[in-house]
Amino acid sequence: QVHLVESGGGLVQPGGSLRLSCAASISIGNLNVMGWYRQAPGKQREEVATIISGGSTTYADSVKGRFTISRDSVKNTVILQMNGLKPEDTAVYYCNAKRFTVAGDYWGQGTQVTVSS
């Protein structure tokens, strides 16, 4: 089993920034796709950003230009840098990893991000 641990959430004012981290229990080189998802109260979980081993990234339209996903292979960590935060970004943010060789799909416990004045 692969364990993912998120950190970095908190309360921030609109326009502020937060940096979320996701630490994996195994080498992220063995995780084909990693990403961040979020779920707000009463809403379905949505994809925010993903990154594959080769470095290609994808972003939800709502966060393009504001969020950046990156990885640190040495620390086995994936980062989500969030700038220009808006109240609608408020949600629990979850780290996800997929391991195709074993049909693995792993989730962290989530970290709360609240954007409010």
Side-chain angles (χ1 to χ4, degrees):
Q1 189 65 258
V2 176
H3 301 282
L4 305 173
V5 180
E6 304 100 330
S7 62
L11 174 64
V12 65
Q13 295 187 33
S17 298
L18 283 175
R19 180 180 181 272
L20 305 184
S21 297
C22 172
S25 62
I26 67 169
S27 172
I28 61 173
N30 294 322
L31 300 171
N32 301 95
V33 183
M34 298 192 72
W36 288 93
Y37 294 69
R38 67 187 182 187
Q39 187 167 25
K43 296 184 178 180
Q44 292 186 317
R45 188 172 298 186
E46 63 176 338
E47 183 179 289
V48 176
T50 66
I51 186 167
I52 63 174
S53 296
S56 297
T57 59
T58 65
Y59 297 94
D61 288 341
S62 60
V63 307
K64 287 180 179 178
R66 300 189 296 121
F67 292 9
T68 302
I69 188 170
S70 61
R71 67 180 190 273
D72 185 331
S73 297
V74 175
K75 297 180 178 180
N76 293 320
T77 300
V78 172
I79 306 298
L80 184 67
Q81 179 65 48
M82 305 186 295
N83 300 322
L85 285 163
K86 304 175 180 179
E88 49 263 46
D89 294 319
T90 295
V92 177
Y93 283 70
Y94 298 91
C95 182
N96 172 260
K98 294 180 173 61
R99 193 180 186 184
F100 296 156
T101 55
V102 295
D105 192 7
Y106 314 103
W107 293 91
Q109 291 294 112
T111 185
Q112 177 71 49
V113 172
T114 302
V115 185
S116 176
S117 60

Roughly how far, to the nearest 0.5 Å, is OH of Tyr59 from CH2 of Trp36?
-> 13.0 Å
Report yes or no: is the cationic atom of Arg38 (NZ for Lys, CZ for Arg) closer than 6.0 Å to the six-membered ring centre of Tyr94, at no more than 45° off its axis?
-> no
Transitive ILVMFWY side-chain link Met34 to Val102, under 4.5 Å = yes
Do Val92 and Met82 belong together in a cluster built from hydrophobic side chains that touch within less than 4.5 Å?
-> no
Side-chain donor-acceptor pair under 3.5 Å between Asp72 and Thr77, yes or no?
-> no
Locate the shortest heavy-atom distance separating Ala24 from Leu4; write the atom from each residue and the value.
-> CB-CD2, 3.8 Å
Check whether any side-chain N or O of Asn76 sits under 3.5 Å from a backbone N or O of Ile28 as a donor-acceptor pair, and report yes or no.
-> yes
When rounded to the nearest 0.5 angstrom, what distance separates CZ in Arg66 from OG in Ser17?
-> 10.0 Å
With hydrophobic residues grouped by side-chain heavy-atom distances under 4.5 Å, do Tyr106 and Ile69 end up in a single group?
-> yes
Do NZ/NE/NH1/NH2 and the carboxylate oxygens of Lys86 and Asp89 come within less than 4.0 Å?
-> no
Side-chain donor-acceptor pair present, Thr50, Thr58, cut-off under 3.5 Å = yes
Output the distance between atom OG (Ser73) and atom NZ (Lys75), rounded to the nearest 0.5 Å.
-> 12.0 Å
Output the distance between atom CD1 (Ile52) and atom OG1 (Thr57), rounded to the nearest 0.5 Å.
-> 9.0 Å
Examine distances only and state if a side-chain atom of Glu6 and a backbone atom of Gly110 form a donor-acceptor pair shorter than 3.5 Å.
-> yes
Can any side-chain N or O of Thr114 pair as donor or acceptor with the backbone N or O of Leu11 at less than 3.5 Å?
-> no
Would you check, one step at a time, whether the test side chain to side chain contact (heavy atoms under 4.5 Å, CB included) holds for Leu18 with Val113?
-> CA-CA 8 Å; Leu18 283 175; Val113 172; 3.8 Å; yes
Can you tell me how far SG of Cys95 sits from CD of Gln109, rounded to the nearest 0.5 angstrom?
-> 12.0 Å
Under the ring-ring contact (aromatic ring centres under 6.0 Å, His included) test, which residues partner Tyr37, sequence neighbours left out?
-> Trp107
side-chain contact (heavy atoms from CB on, under 4.5 Å) test vs Val48 passes for just one of Leu20, Asn96, Leu80, namely Leu80
What one should report as the nearest heavy-atom pair of Ala40 and Ala91 is N-CB, 3.8 Å
Donor-acceptor pair, side chain of Thr90 and main chain of Val115, under 3.5 angstrom = yes
Rounded distance (nearest 0.5 Å) linking atom CZ of Arg99 with atom CG of Leu31 = 7.0 Å
